[in-house]
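A short worksheet on the structure shown next.
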Amino acid sequence: KLVDPTVIVVLGASGDLAKKKTFPAIFALFQQGLLPKDIKIVGYARTKMDEEEFYKRLTSGFDRNKKDPLLSKNFDEKLEEFKKASTYISGAYDKDDGFQELNKHLEELESNNGGKSNRVFYLALPPSVFADVAKGLKKNVYTKDGTNRLIVEKPFGKDTESSKDLISSIKEDWTEDETYRIDHYLGKEMIKNMLVLRFGNVFLDGTMNRNFISNVQITFKEPFGTDGRGGYFDEFGIIRDVCQNHLMQTLSVLAMERPVSFGPEDIRDEKVKVLRCIPPIDRKDVLLGQYTKGKDMDGKDQPGYLEDETVPKGSTCPTFAAMVLWINNPRWEGVPFIMKAGKALDESKVVVRIQYKDATPGIFTGIPRNELVMRIQPDEAVWLKMNSKLPGFATRAVPAELDLSYKQRFEDARIPQAYEALILDAFKGDHSNFVRDDELDVAWKIFTPILHWIDGKDSSDKPKPEEYEFGSRGPASIDEFTKRFGYQRDDED
Ligand code: BG6
């Protein structure tokens with residue numbers, strides 16, 4: 001556990017992630033009184049900024065806090081306190097002097113707090129500087145008088161080998177115990193609920209296996225394109241951007257066996273075990289897409305991927321991917337796990353859909369299958385599609401559902417943002433919802449062969465993605481693809 005007082009240093013303080021996610025989450029925790037009493041927030045980045053400009057950046061993503069019914073209550077009063085607790089230092093990521101200045105600054109802050117020193121370093125940085133920064137911090141800013149923690153953001157490498165290199169380079173200076181690898185999907189409320197849903201309900205636990213389940217779909221849909229991140233995106237593509245990490249984490253929590261306890265190592269052991277049962281994805285089980293111009297959800301014209309100036313001409317980088325994973329263990333053998341992710345689609349939605357097998361024929365023919373649906377966002381909900389008799393004299397089965405919408409069922413509950421939940425866990429020293437090194441390694445092994453194929457690394461048969469219009473449901477062949485793996489589509493998915 002961390003002891004008061006403490007400092008959180010956000011490296012990459014002038015960047016987008018810090019603005020949109022890190023600072024608003026730290027402020028939300030601050031507003032709720034969940035951080036140590038004398039917490040100090042220090043921004044670090046290359047950009048030279050005076051205090052005024054830093055405060056502007058620091059607070060420019062706080063709109064969400066202002067709109068939140070709970071956080072809006074003490075917003076103004078806490079904002080002033082938060083600003084007073086925050087300072088900024090500029091410096092390079094690959095030279096000692098900036099880090100030394102940062103260290104001096106932290107010592108000054110700590111001397112006002114009786115010299116006690118616990119430091120949390122949050123790397124909201126591009127992957128190219130992770131290793132240098134981890135080294136520079138260890139050499140110049142690591143405190144010997146207290147606890148040190150390093151929070152690292154994805155992407156953790158680009159394939160098995162580069163991920164291994166990155167892990168071992170950070171490990172030269174930081175122990176696994178000091179390292180917190182964020183995959184923010186693990187902080188999402190519905191993903192955290194999966195453990196309870198699965199293992200706290202005997203009827204679900206008892207049917208979540210190959211005897212009852214036909215197929216599972218994990219779907220990620222975003223209604224916007226590269227949004228000015230074309231340069232970054234083209235280097236990674238949709239599979240590295242969301243599938244290998246966010247959707248894979250979702251899959252492992254969904255499919256793992258029951259852990260011995262809720263303890264971090266027990267949970268992560270089970271996740272690693274299930275991932276080890278998944279062979280590398282087969283090229284035949286992959287569908288790739290890239291968006292062309294079209295209209296967004298507001299009916300506004302939007303350019304195609306290749307029209308983004310930051311995207312290299314003629315790029316074949318996929319902005320949509322559907323693929324199938326197989327889990328070779330007694331529970332899941334033969335059940336396809338279909339992963340679908342795309343940018344510039346017709347809606348914003350992340351959903352897990354577990355489709356049961358057909359009811360045994362006999363008195364019913366052609367009635368819809370049961371489905372257990374977990375909506376991760378927006379508007380968390382779980383529903384079970386089932387058949388029910390239409391009220392009236394005749395006996396007629398109609399599809400109906402048991403509906404657990406959080407907004408109705410947990411009306412007064414506030415759902416913390418994923419980053420809030422994770423930063424709080426890191427402060428408490430709880431690793432349960434952070435990615436362990438071996439977990440990362442097995443996840444990369446599943447994706448690396450198809451990624452090398454898509455990158456054109458192995459041979460001349462670099463795949464060409466199928467085009468789809470901005471604002472559509474994705475490539476035209478998507479329905480045929482999911483049907484091939486047993487999915488019966490009877491309404492919107
Ligand atoms: C990020 C990806 O990790 O996750 C983005 O880099 C993506 O491309 C984002 O938009 C999705 O996160 P969320 O929480 O909005 O679903």
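One-based numbering, in listed order, for ligands and for the atoms of each.
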task = Just need the protein heavy atom nearest to atom 9 (C) of ligand 1, so name the residue and atom and give the distance.
result = E222 OE2, 4.0 Å
note = The ring pair (Phe, Tyr, Trp, His ring centres under 6.0 Å) partner of F337 among W332, Y487, F485, W326 is W332
task = Check ligand 1 against H246 and write out every atom of the ligand that is under 4.0 Å from a heavy-atom position of the residue.
result = 1 (C), 3 (O), 4 (O)
inquiry  = Contact between ligand 1 and Y185 is defined here as a heavy atom of the residue under 4.0 Å from a ligand atom; is it met?
reply    = yes
task = Would you please classify the geometry between the Y122 ring and the Y419 ring as parallel, tilted or perpendicular, with 30° and 60° separating the classes?
result = tilted
query = Hey, which atoms in ligand 1 end up nearer than 4.0 Å to a heavy atom of K188?
reply = 13 (P), 14 (O), 16 (O)
message = When you measure from the side chain of D282 to the backbone of K284, do you find a donor-acceptor pair of N or O atoms at a distance under 3.5 Å?
response = yes
task = Say whether, by atom type as modelled, one donor and one acceptor occur between the side chain of N201 and the main chain of L197 under 3.5 angstrom.
result = yes
message = With heavy-atom distances below 4.0 Å as the criterion, list the atoms of ligand 1 near K343.
response = 5 (C), 7 (C), 8 (O), 10 (O)
remark   = Quick look: F233 vs ligand 1, heavy-atom contacts under 4.0 Å, and the answer is neither
request  = Kindly confirm or rule out a cation-pi arrangement of K343 over Y291, judged by NZ or CZ under 6.0 Å from the six-membered ring centre and within 45° of its axis?
outcome  = no
task = Identify the protein heavy atom lying closest to atom 15 (O) of ligand 1, giving its residue, its atom name and the separation to 0.1 Å.
result = Q377 NE2, 4.0 Å
query = Looking at side-chain heavy atoms only, is the closest gap between R484 and E480 below 4.5 Å?
reply = no
More than 12 heavy atoms of other groups within 6.0 Å of R198 CZ = yes
inquiry  = As an exercise, identify every atom of ligand 1 less than 4.0 angstrom from a heavy atom of D241.
reply    = 2 (C), 5 (C), 6 (O), 8 (O)
query = At a 4.0 Å threshold, what atoms of ligand 1 neighbour a non-hydrogen atom of R229?
reply = 5 (C), 6 (O), 8 (O)
note = Min over K154, R240, H184 of heavy-atom distance to atom 13 (P) of ligand 1 lands on H184
